There are 2 protein chains.
Amino acid sequence: MLERHHLEIIRAVDQQGTLTEAANLLCLTQSALSHSIKKLEQQLGVQLWQKRGRNLKLSESGLRILSLANRLLPQFEHAELEMQDIVAGQKGTLRIGMECSPCFQWLLKVVAPFLKQYPDVDVDIRKEFQFGGLGALLSYDIDLLITPDPLHKQGLDYIPVFDYEQVLVVSEQHRFADKNCISASELAEETLLTYPIEISRLDIFNEFITPAGACVKKHKTIENTEIMLQMVNANRGVAALPAWLVAEFQQQMPIKAVRLGKNGVHKCIYIGLRSAEQRPVYLEQLIHLAKTSGQ
Amino acid sequence: MLERHHLEIIRAVDQQGTLTEAANLLCLTQSALSHSIKKLEQQLGVQLWQKRGRNLKLSESGLRILSLANRLLPQFEHAELEMQDIVAGQKGTLRIGMECSPCFQWLLKVVAPFLKQYPDVDVDIRKEFQFGGLGALLSYDIDLLITPDPLHKQGLDYIPVFDYEQVLVVSEQHRFADKNCISASELAEETLLTYPIEISRLDIFNEFITPAGACVKKHKTIENTEIMLQMVNANRGVAALPAWLVAEFQQQMPIKAVRLGKNGVHKCIYIGLRSAEQRPVYLEQLIHLAKTSGQ
DNA sequence: TCTATTAATGAGTAAAATTCATCGAACAAT
DNA sequence: ATTGTTCGATGAATTTTACTCATTAATAGA
């Protein structure tokens with residue numbers, strides 16, 4: 001029968017390249033691994049790998065098992081850690097997923113007091129997901145998802161925690177600097193700076209440019225918020241960011257916030273969770289901190 | 001270390017109720033299971049269950065492991081079956097998820113020729129999912145999802161396969177029977193029959209009633225399509241179904257289809273798949289059959 | 001061609017899982 | 001209460017499995 005330790009071997013060989021090194025990693029002999037997989041191959045009736053020169057190469061079936069290993073092993077490992085946490089009582093690891101680049105700064109403010117309050121709870125923040133944040137939540141890679149678009153799915157809860165307005169940031173020298181608000185069509189002559197994510201996930205397009213049938217002169221992507229604002233400051237483009245974030249940076253550099261449209265673009269950050277699962281106290285506390293962070 | 005067989009034990013005990021019966025199921029002795037879990041408990045340092053009277057009751061930690069078991073064991077099992085399929089060549093199991101109740105009839109028409117073409121490929125159709133169809137796809141419980149709302153997520157592909165119009169079905173005696181189309185407000189005096197799923201997933205509400213700010217007199221849910229149409233036929237209510245489905249049943253009973261709104265409600269059925277994964281030939285063939293089913 | 005490195009193999013050994021026999025607790029029927 | 005039955009726990013014996021050691025064969029680089 002396919003066992004956890006078979007998955008460990010396949011993964012280790014994939015990581016280390018050779019059986020011998022994989023054996024070292026697992027604190028076993030090369031022989032042990034060889035025997036183990038040999039037996040599994042006989043039971044399943046498939047070859048999992050072949051000798052390619054002196055090394056091993058995974059077969060089609062082997063790759064399937066490797067993909068299984070990469071999916072299942074982290075879950076085994078996490079379950080074991082969870083058990084340790086239960087033993088230790090008020091301990092744990094909170095795996096937070098982020099689907100909202102600028103929220104990072106906000107999250108730090110929430111996490112800081114949390115870490116003080118629960119010195120034995122570790123926080124792990126992740127941003128890249130194979131199947132998106134929702135997929136990560138559903139496959140138990142994270143316990144909590146910070147996202148601006150709550151895709152309601154069976155078995156998931158979303159808690160609104162933070163309202164904010166999305167505004168256009170411009171340099172003080174910019175022609176919009178003294179405006180109260182701008183219309184979508186006015187962006188036609190502007191260079192827009194955004195995070196490097198799909199356009200369909202950018203609020204400035206979804207809620208402002210696209211509905212108005214408008215467009216921008218140029219669209220450039222920048223990963224880092226600080227650099228993005230430096231670019232704005234240098235009048236090399238405009239960006240759309242949460243108002244509170246702009247307010248913070250205004251102390252450091254002379255930038256201006258301009259409302260998007262007459263009524264502004266209003267958004268909300270949600271915390272997504274798997275429902276019907278008993279949540280540890282500290283998780284509830286983090287949600288509480290997040291909710292009250294705006295006040 | 002937490003092993004697959006521990007998960008098997010926890011699951012079996014949960015299913016069977018007693019250790020003894022679980023042991024029978026696993027072709028082991030009661031003693032073996034007892035020893036096994038005892039050892040695991042010592043390693044992890046947690047109690048997984050306690051004696052409650054003569055039976056066992058899972059502890060908090062035990063429940064966590066049970067949830068892990070229910071998630072991981074099906075994946076182990078499926079991987080093993082997949083290996084068998086690879087040995088046998090053009091064999092396999094296609095696990096299809098359905099998120100669209102009336103599409104069942106359509107799917108049968110696609111699956112029938114498929115089963116003839118690939119006599120060694122089994123088809124399994126599932127309808128209930130803990131985390132919705134999307135969750136099932138992401139956690140490898142199904143390989144393919146039939147759905148009318150393609151929730152685009154990283155790592156997933158959706159292929160449109162079938163356009164149709166959603167229409168209102170009424171009895172020939174009904175006051176709408178001779179109308180070309182109806183407006184949402186006209187439903188205020190009607191009893192609406194739908195499948196028993198959340199209102200937010202019912203097209204008739206999403207695309208017709210709710211946007212118009214209208215409502216119905218009464219809303220009743222019925223699981224079975226045939227019974228639903230019998231009710232319509234008996235003039236006990238009206239229902240919203242795909243036009244092609246109504247056309248089929250019109251041969252058996254005197255019912256009428258009425259367009260929803262001036263332009264009608266137009267929908268499309270999609271097939272959702274995990275992308276970036278090598279797909280077997282027969283899967284591609286099923287998609288092809290689905291695409292050409294409309295002609 | 002020689003050497004270093006790799007995986008495979010067979011035999012022996014150590015370790016682990018399983019059974020067997022037995023016990024005590026819980027429960028139902030008397 | 002008393003008894004018989006059913007359930008899980010336990011310790012010792014046994015079987016099964018996993019692992020190591022020593023060796024071989026193959027490959028690649030010097």
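In what follows, every chain begins at residue 1, and chains take the letters A, B, ... in the order their sequences are listed. Both backbone and side-chain heavy atoms feed into the values below; hydrogens, waters and symmetry mates do not. Since we're looking at a predicted model, the values are computed, not measured.
- Against DNA chain D, the stretch residues 6-31 of chain A makes heavy-atom approaches under 4.0 Å through A/L28, A/T29, A/S31.
- The minimum heavy-atom distance linking A/L40 with A/L2 is given by the pair CD2-CD1, 3.8 Å.
- A/Y195 and A/T225 share a donor-acceptor pair across their side chains, judged by distance under 3.5 Å alone.
- Remark: aromatic rings of A/Y140 and A/H78 are distant, center separation not under 6.0 Å.
- The side chain to side chain donor-acceptor pair (under 3.5 Å) analysis of residues 43-59 of chain B, with sequence neighbours excluded, yields no pairs.
- Defining each end axis of the helix from C/dT1-D/dA30 to C/dT30-D/dA1 as the rotation carrying four pairs' C1' atoms onto the next four, with five pairs an end, the two axes are found to diverge by 30° to 10 degrees.
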Compile the donor-acceptor pairs under 3.5 Å between side chains in residues 118-132 of chain B and protein atoms, sequence neighbours left out, one pair per line.
residue	atom	partner	partner atom	Å
B/D124	OD2	B/R126	NE	3.1
B/D124	OD2	B/R126	NH2	3.0
B/R126	NH1	B/D141	O	3.2

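- Residues from residues 47-68 of chain A with heavy atoms under 4.0 angstrom of DNA chain D, sorted by number: A/G53, A/R54.
- When all heavy atoms are compared, the tightest approach of A/E8 to A/L26 is O-CD1, 4.2 Å.
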Give the intermediate values and the outcome of side-chain hydrogen bond (donor to acceptor under 3.5 Å, both in side chains) for residues B/T194 and B/H219.
CA-CA 8 Å; B/T194 73; B/H219 177 202; 2.8 Å; yes

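- Of the residues listed (A/L56, A/V13, A/L48), the one engaging A/I37 in a side chain to side chain contact (heavy atoms under 4.5 Å, CB included) is A/L48, and it is the only one.
- A/I146 and A/C103 make their closest contact through CG2-CB, 4.5 Å (heavy atoms, listed as atom of the first residue, atom of the second, distance).
- Here the closest non-hydrogen pair linking A/A79 and B/L68 is CB-CD2, 3.6 Å.
- Contacts between chain B and DNA chain C, taken as any atom within less than 4.0 angstrom of a protein heavy atom, begin and end at C/dA16 to C/dC27.
- Here D/dT17 presents its P atom at 12 Å from CD of A/E3, a figure rounded to the nearest Å.
- Taking OG from A/S31 and NZ from A/K38, the interatomic distance works out to 11.0 Å, rounded to the nearest 0.5 Å.
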